[in-house]
2 protein chains.
Amino acid sequence: MSEKRTFSISELSQEFDVTTRSIRFYEDQGLLKPNRRGQTRIFSTKDRVRLKLILRGKRMGFSLAETKELFDLWDETLTGNEKQLLKMLEILSARREQLEQQKEDIAMAEMEMDTAEARCREALTELQKKKEEQGLTTNTKETAVSK
Amino acid sequence: MSEKRTFSISELSQEFDVTTRSIRFYEDQGLLKPNRRGQTRIFSTKDRVRLKLILRGKRMGFSLAETKELFDLWDETLTGNEKQLLKMLEILSARREQLEQQKEDIAMAEMEMDTAEARCREALTELQKKKEEQGLTTNTKETAVSK
DNA sequence: AAAACACTTTACGTTTACGTAAACTTTAAC
DNA sequence: GTTAAAGTTTACGTAAACGTAAAGTGTTTT
């Protein structure tokens with residue numbers, strides 16, 4: 001079912017385009033807990049998923065601390081007493097609000113980019129016109145001279 | 001047309017829930033350019049819009065430097081030679097890609113939150129069942145004892 | 001005009017998220 | 001078996017985004 005592959009630090013580093021330094025840092029901060037063979041880190045598919053979540057979180061503007069909080073809470077939740085479960089539900093709902101906010105932000109940004117792009121294109125065609133006019137007059141001059 | 005109100009630093013601070021320190025910092029970094037009456041900063045509606053953009057940018061994971069770059073570029077663009085305009089169009093298109101990525105991220109996050117919430121609710125109802133069973137047995141015991 | 005209050009500059013401190021270098025060990029390749 | 005490649009720890013450095021304190025300058029309220 002859940003694949004049992006393992007990954008080296010450099011494999012993950014390449015796949016997700018992060019430095020090994022970053023990955024070790026994430027471990028240091030308690031976000032990843034790879035096994036070891038001797039000194040060497042052996043990452044499981046679970047670690048891989050977590051790394052993916054960390055990076056997505058970053059793209060979404062979450063700090064490592066926030067992401068870690070979520071991870072920890074989820075782990076606690078799985079052992080699950082009622083209080084933990086309810087807290088998790090609260091947090092999930094709070095996150096949903098954040099996501100809604102972000103969607104709004106994105107929609108606004110898209111609209112503004114539409115108008116910005118429109119203005120750019122207008123300005124460009126304006127410039128084109130002027131160029132053409134210029135081009136024509138120089139041409140007439142040249143032909144006039146060449147006669 | 002474009003309102004001619006002005007704002008004090010504390011007005012903006014309150015309206016957008018940022019510290020005055022942050023606002024001054026944004027000015028320091030060249031993101032805001034309020035007028036002065038003596039020493040005192042007088043913010044225009046344009047400044048207000050920019051502050052709004054800065055904060056939205058932050059929520060979307062943009063650094064102040066990135067936001068500043070956009071502001072500067074837009075200012076340059078308005079004076080508009082062709083090169084600037086084309087560069088702006090490129091940047092806009094790059095931003096759109098980023099936005100698409102973010103939308104994907106949000107969609108993924110929402111899906112995962114759905115399944116997470118479902119698991120939580122399952123676990124909760126499980127606990128409820130156990131409680132009810134417990135409740136029933138204790139009741140029978142109690143009634144048995146109280147007889 | 002004195003007190004209270006908002007605003008200012010200057011400057012050092014702090015946290016986050018790594019980069020970078022040094023010196024060492026383990027593993028893989030020849 | 002040694003050399004190269006990849007991995008490790010330790011530790012100091014850095015950029016971004018403010019926080020915070022100090023000390024001064026208006027301004028307005030009583």
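A note on names: the letters A, B, ... follow the listed sequences, proteins ahead of strands, and every chain is numbered from 1.
- As rounded to whole Å, 10 Å separates atom P of dT27(D) from atom CD1 of Ile42(B).
- Atom CG of Leu51(A) and atom P of dC18(C) are 11 Å apart (whole Å).
- For the pair Arg95(A) and Phe62(A), the cation sits on the ring face: its NZ or CZ lies under 6.0 Å from the ring centre, inside 45° of the axis.
- Rounded to an integer number of Å, the gap from CG of Leu32(B) to P of dC18(D) is 12 Å.
- Applying the 4.0 Å criterion to OP1 and OP2 of dC7(C), one finds that Arg41(B) has every side-chain N and O outside that range.
- Whole-Å rounding puts the Glu27(B) CD to dC7(C) P distance at 14 Å.
- Atom P of nucleotide dG26(D) and atom CZ of Arg36(B) are separated by 13 Å, given to the nearest angstrom.
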Determine, for nucleotides 21-30 of chain C in 5'-to-3' order, which nucleotides have protein heavy atoms under 4.0 Å from the base (write B), from only the sugar-phosphate (write S), or from neither (write -). ----------

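- Between Phe43(A) and Arg48(A), every side-chain heavy-atom pair lies at or beyond the 4.5 Å cut-off.
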If you apply the rule side-chain contact (heavy atoms from CB on, under 4.5 Å), what do you find for Asp47(B) with Tyr26(B), and how did you get there? CA-CA 11 Å; Asp47(B) 292 317; Tyr26(B) 299 152; over 6 Å; no

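- For the contact set between residues 57-69 of chain B and DNA chain C, defined by any heavy atom under 4.0 Å, there are no members.
- Among the nucleotides dA6(D), dT8(D), dA6(C), the one closest to any side-chain atom of Ser10(B) is dA6(C).
- Within the structure, salt bridge (Lys or Arg N to Asp or Glu O under 4.0 Å) contacts touching residues 78-93 of chain B (residues at least two apart or in different chains) are Lys131(A)-Glu82(B).
- The stretch residues 51-66 of chain B participates, sequence neighbours left out, in these salt bridge (Lys or Arg N to Asp or Glu O under 4.0 Å) pairs: Asp105(A)-Arg59(B), Glu112(A)-Arg56(B).
- In this structure a side-chain-to-backbone donor-acceptor pair under 3.5 Å is missing from Ser44(B) to Thr6(B).
- Between Arg119(A) and Glu122(A) there is no salt bridge, since no side-chain nitrogen of the basic residue lies less than 4.0 Å from a carboxylate oxygen of the acidic one.
- In this structure, Ile9(B) atom CD1 and dA6(C) atom C1' are separated by 10 Å, rounded to whole Å.
- No side-chain donor-acceptor contact under 3.5 Å links Ser93(B) to the backbone of Leu89(B).
- The main-chain N or O of Asp75(A) is never found under 3.5 Å from a side-chain atom of Thr79(A) such that the two would form a donor-acceptor pair.
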When the side chains of residues 30-39 of chain B are checked against the rest of the protein, which donor-acceptor pairs come out under 3.5 Å, sequence neighbours left out?
from     : atom 1 : to       : atom 2 : distance (Å)
Arg36(B) : NH1    : Gln39(B) : O      : 2.9
Arg36(B) : NH2    : Glu27(B) : OE2    : 2.9

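- Remark: C1' of dC18(D) and CD of Gln29(B) are 10 Å apart, rounded to the nearest angstrom.
- Within residues 15-26 of chain B, the residues that place at least one heavy atom under 4.0 Å from DNA chain D are, in residue-number order, Thr19(B), Arg21(B), Ser22(B), Phe25(B), Tyr26(B).
- The heavy-atom pair separating Ile23(A) from Ile9(A) by the smallest distance is CD1-O, 3.7 Å.
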